[in-house]
> 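This structure is in structure tokens; I'll ask about it shortly.
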Amino acid sequence: MSEPKFTPRVFSGIQPSGGLTLGNYLGAIKRFVSMQDENFETVYCMVDLHAITVWQDPEDLAHNTRELAAGFIASGISPEKSILINQSQVPEHAQLAWIFNCVARMGWMGRMTQFKDKAGKNTENVSLGLFAYPALMAADILIYHATHVPVGEDQKQHLELTRDIAAKFNHDYGVDFFPITEPVIEGAATRVMSLRDGSKKMSKSDPSDASRINMTDDADAIAKKIRKAKTDPDALPSEVEGLNERPEARNLVNIYAALNEQSVEDVLREVGGQQFGTFKPLLAELAVSKLAPISTEMARLMAQPDEIDKILAKGAAQAREITAPILKKTYEIVGMVS
Ligand code: AMP
Ligand code: TRP
């Protein structure tokens, strides 16, 4: 192998389509924070253009975008170490997305399970943007020539599509211009499940608030949701195999392990044999101790929305130093006269 062609650079994004959940925190944000201190440039994004692929009330969208920025910062993302942006302030994302709309094939997009889940039987009535969503996501990543993308398990297929788009662009134009990005899907909680149904992902769009822990929930709400979480009647096992066919038990143990930065094996060594009546209060206490400081800090930051807007404006200016030259070069490769 010769010199690595691409600067090690991380990009990831979260939709400001509602509040942050424990799933976002454990599946994505915790890793965003740790990657800041590894040998990467890091860019983290509130993907407001993705959010509007389904209807968003304009006031809510603006509020949720600022609250998500507050959540990132309160969780430990430093605007000094990372570039923090909202997608719409960096127009090169949408510009590259158009090019990728012309690279990606209808058949590829039609196979995306997130589209199929979100559209359901209603494919005639969903927005064209919802279908094109993964091409914009590929553009988010590739407009930075990002090499690594930390995400939860549900985004794996979109990252494979991103690699396919980069490879087809490079092949069609006979260049080695876009990197083939590595997904980073790691840890005990790459797929946090609903507290009401162990077969469904914990999601900000679930109609039941009891199904999720929101980053803005107070200690009482967190404790109550964990106490009411669906479980089975058996005691916890001492070995990982004992969690097979027990999705709700597995989920609570995974959450515990991820919050406490332990392996699932280590957790079970400690709590194996306990009934849920004993384990749930332990989990609730752990969750409150980790999440309460974050929600307090979020509330403090949200009291100064102008400060958040300044951070995002600065982030956008820094981002465009990277994205503008990459877009320019892309246009040249494609044959756009300038
Ligand atoms: P979204 O809220 O859909 O924009 O997701 C933002 C990030 O959080 C992505 O990296 C997702 O994979 C991750 N994520 C969302 N929900 C979960 C979950 N229940 N478990 C683990 N990761 C999640
Ligand atoms: N599609 C991602 C999600 O819903 C959000 C996202 C948009 C993203 N662009 C991205 C994630 C680029 C990683 C990289 O979770």
Side-chain angles (χ1 to χ4, degrees), residues 9-33 35 42-54 56 64-65 67-68 71-72 75 77 85-88 90 93-94 96-97 100 112-115 117-118 129-130 132-163 165-166 181-206 211-215 247 250-251 254-255 257-259 319:
R9 187 176 287 145
V10 167
F11 181 93
S12 197
I14 297 187
Q15 300 188 62
S17 50
L20 276 172
T21 70
L22 182 66
N24 296 135
Y25 179 66
L26 295 178
I29 297 178
K30 260 176 85 77
R31 200 81 189 86
F32 298 179
V33 175
M35 290 183 102
T42 45
V43 185
Y44 298 122
C45 185
M46 277 66 76
V47 290
D48 46 12
L49 298 172
H50 276 111
I52 62 163
T53 56
V54 300
Q56 304 293 327
N64 289 337
T65 301
E67 190 177 77
L68 181 52
F72 276 154
S75 302
I77 290 171
I85 52 168
N86 60 312
Q87 192 182 27
S88 58
V90 184
H93 290 235
L96 184 62
F100 287 170
M112 294 293 114
T113 55
Q114 182 170 306
F115 174 76
D117 290 347
K118 283 201 178 176
L130 190 69
Y133 178 116
L136 175 59
M137 177 162 163
D140 293 337
I141 296 165
L142 295 172
I143 196 67
Y144 295 88
H145 279 181
T147 54
H148 294 77
V149 181
V151 283
E153 166 71 34
D154 61 333
Q155 295 303 311
K156 197 169 173 207
Q157 194 185 32
H158 288 160
L159 292 183
E160 281 160 9
L161 185 90
T162 300
R163 293 162 68 98
I165 289 176
T181 304
E182 288 299 327
V184 180
I185 304 173
E186 286 171 1
T190 56
R191 191 170 172 82
V192 177
M193 308 309 283
S194 157
L195 299 178
R196 309 300 304 161
D197 177 350
S199 68
K200 269 185 20 199
K201 180 182 82 155
M202 182 181 285
S203 160
K204 55 187 116 185
S205 57
D206 193 309
S211 71
R212 65 180 157 263
I213 292 175
N214 306 299
M215 295 304 284
R250 176 191 296 278
N251 189 39
N254 284 351
I255 291 173
L259 281 171

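In listed order, ligands and their atoms are each counted from 1.
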> Provide, to 0.1 Å, the distance between atom 21 (C) of ligand 1 and the closest protein heavy atom, together with that atom's residue and name.
T190 O, 3.2 Å
> Could you report the tightest heavy-atom contact between L136 and L49, atom names first, then the distance?
CD2-CB, 3.9 Å
> If you measure from each non-hydrogen atom of D154 to ligand 2, which part falls under 4.0 Å: side chain, backbone, both or neither?
neither
> For a 4.5 angstrom cut-off between non-hydrogen side-chain atoms, does R212 reach R196?
no
> What's the shortest distance from atom 5 (C) of ligand 2 to any protein heavy atom, and which residue and atom give it?
G13 O, 3.5 Å
> What residue and atom, counting heavy atoms only, is the protein's closest point to atom 10 (C) of ligand 2, and at what distance?
M137 CG, 3.5 Å
> Give the residue and atom name of whichever protein heavy atom lies nearest to atom 16 (N) of ligand 1, and the separation in Å to one decimal.
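Protein heavy atom at minimum distance: M202 O, 3.7 Å.
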> Nearest to atom 15 (O) of ligand 2, what protein heavy atom do you find, and at what distance?
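For atom 15 (O) of ligand 2, the nearest protein heavy atom comes out as Q155 NE2, 3.2 Å.
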> Under 4.0 Å from a heavy atom of G27: give me the atoms of ligand 1 that qualify, with their elements.
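Here the atoms of ligand 1 in question are 21 (C), 22 (N).
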> For ligand 2, which atoms, with element, lie under 4.0 Å from some heavy atom of F11?
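Once the distances to F11 are compared, the set is 12 (C), 14 (C).
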> May I ask you to check whether K201 has an N/O atom sitting below 3.5 Å from an N/O atom of ligand 1?
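There is no such contact.
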> Could you tell me which atoms of ligand 2, counted from 1 in the order shown, lie closer than 4.0 angstrom to a heavy atom of Q15?
4 (O)
> Between M202 and L26, is any pair of side-chain heavy atoms under 4.5 Å apart?
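Counting from C-beta outward, M202 and L26 never come under 4.5 Å.
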> With respect to V151, determine whether any N or O atom, backbone or side chain, lies less than 3.5 Å from an N or O atom of ligand 1.
no
> Taking the six-membered ring for Trp, is the centroid-to-centroid distance between F11 and H145 below 6.0 Å?
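No, ring centres 6.0 Å or more apart.
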> Please tell me if the side chains of I213 and L195 come closer than 4.5 Å, counting only heavy atoms from C-beta onward.
yes
> Please work out whether the ring planes of H158 and Y133 are parallel, tilted or perpendicular, with thresholds of 30° and 60°.
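The rings of H158 and Y133 sit tilted, inter-plane angle from 30° to 60°.
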> Among protein heavy atoms, which lies nearest atom 12 (O) of ligand 1, and at what distance?
D154 OD1, 2.4 Å
> Return the residue, atom name and 0.1 Å-rounded distance of the protein heavy atom closest to atom 19 (N) of ligand 1.
V192 O, 2.7 Å
> Where do E186 and R31 land on the side-chain contact (heavy atoms from CB on, under 4.5 Å) test, with the steps shown first?
CA-CA 8 Å; E186 286 171 1; R31 200 81 189 86; 3.0 Å; yes
> Do S12 side-chain atoms and V149 backbone N/O form a donor-acceptor pair below 3.5 Å?
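No: the side chain of S12 does not pair with the backbone of V149.
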> Between R191, E153, Q155, which is the residue that forms a side chain to side chain contact (heavy atoms under 4.5 Å, CB included) with I185?
E153
> Looking at every non-hydrogen atom in both residues, tell me the closest pair between H93 and A139 and how far apart they are.
O-CB, 3.4 Å
> List every atom of ligand 2 that sits less than 4.0 Å from any heavy atom of Y133, numbering the atoms from 1 in the order shown and giving each element.
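Per the distance check, 1 (N), 2 (C), 3 (C), 4 (O), 5 (C).
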> Could you tell me the residue and atom name of the protein heavy atom closest to atom 22 (N) of ligand 1, and the distance to it rounded to 0.1 Å?
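The closest one turns out to be G23 O, 3.3 Å.
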> My understanding is that we take every heavy atom of each candidate and find the minimum distance to atom 13 (C) of ligand 2. Doing that for A146, A139, S12, C45, which one comes out nearest?
S12
> If you count the atoms of ligand 1 from 1 in the order shown, which ones are under 4.0 Å from a heavy atom of Q15?
3 (O), 4 (O)
> With a 4.0 Å heavy-atom cut-off (strictly under), which part of I141 contacts ligand 2: side chain, backbone, both or neither?
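Side chain only.
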> Which heavy atom of T65 sits nearest to which heavy atom of M46, and what is that distance?
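The answer is O-CG, 3.8 Å.
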> Quick one, V192 with I255, criterion side-chain contact (heavy atoms from CB on, under 4.5 Å). Give me CA distance, side-chain angles, the key distance, then yes/no.
CA-CA 7 Å; V192 177; I255 291 173; 3.9 Å; yes
> Just jot down the ligand 2 atoms closer than 4.0 angstrom to any heavy atom of D140, in number order.
7 (C), 9 (N), 10 (C)
> Give yes if a backbone or side-chain nitrogen or oxygen of S12 is under 3.5 Å from a nitrogen or oxygen of ligand 1, and no if not.
no
> Considering both backbone and side-chain atoms of T21, is one of its nitrogen or oxygen atoms within less than 3.5 Å of a nitrogen or oxygen in ligand 1?
no
> Provide the number and element of each atom of ligand 2 under 4.0 Å from a heavy atom of H50.
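Reading through ligand 2 atom by atom, the close ones are 7 (C), 9 (N).
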> Could you work out, for atom 9 (C) of ligand 1, the closest of G187, G152, S203 by heavy-atom distance?
G152
> With a cut-off of 4.0 Å, which atoms of ligand 2 are near a heavy atom of V47?
7 (C), 9 (N)
> To which protein heavy atom is atom 5 (O) of ligand 1 closest, and what is the distance rounded to 0.1 Å?
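Atom 5 (O) of ligand 1 sits closest to the protein heavy atom N24 ND2, 3.4 Å.
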> Does any N/O atom on Q155 come nearer than 3.5 Å to any N/O atom on ligand 1?
no
> Within a distance under 4.0 Å of any heavy atom of R191, pick out the atoms of ligand 1 and give their elements.
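Listed by number with element, the hits are 20 (N), 21 (C).
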> Looking only at distances, can you tell me whether any N or O atom of M193, backbone or side chain, sits closer than 3.5 Å to an N or O atom of ligand 1?
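No, no N or O pair falls under 3.5 Å.
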> Which atoms from ligand 2 have a heavy atom of V149 less than 4.0 Å away?
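Atoms satisfying the 4.0 Å criterion: 13 (C), 14 (C).
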> Measure across A51 and P16 and return the closest heavy-atom pair with its distance rounded to 0.1 Å.
CB-CD, 4.0 Å
> Give me the atom names and distance for the closest heavy-atom approach of P150 to V10.
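Shortest heavy-atom contact: CD-CG1, 3.5 Å.
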> Can you list the atoms of ligand 1 that are under 4.0 Å from a heavy atom of A28?
7 (C), 8 (O), 10 (O)
> Identify the two heavy atoms, one from S17 and one from N64, that lie closest to each other, and give their separation to 0.1 Å.
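Reported closest heavy-atom pair: C-ND2, 3.9 Å.
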> Could you walk me through whether D48 and I52 pass the side-chain contact (heavy atoms from CB on, under 4.5 Å) check?
CA-CA 7 Å; D48 46 12; I52 62 163; over 6 Å; no
> Just to check, does A189 reach to within less than 4.0 Å of ligand 1 when the distance is taken from its heavy atoms?
yes
> Using side chain to side chain donor-acceptor pair (under 3.5 Å) as the criterion, point out the one residue from D154, D206, D117 that pairs with K201.
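It is D154, the one option of D154, D206, D117 that forms the side chain to side chain donor-acceptor pair (under 3.5 Å) with K201.
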> Do T181 and L159 pass the side-chain contact (heavy atoms from CB on, under 4.5 Å) test, and can you show the C-alpha distance, the side-chain angles, and the key distance before you say yes or no?
CA-CA 8 Å; T181 304; L159 292 183; 5.5 Å; no
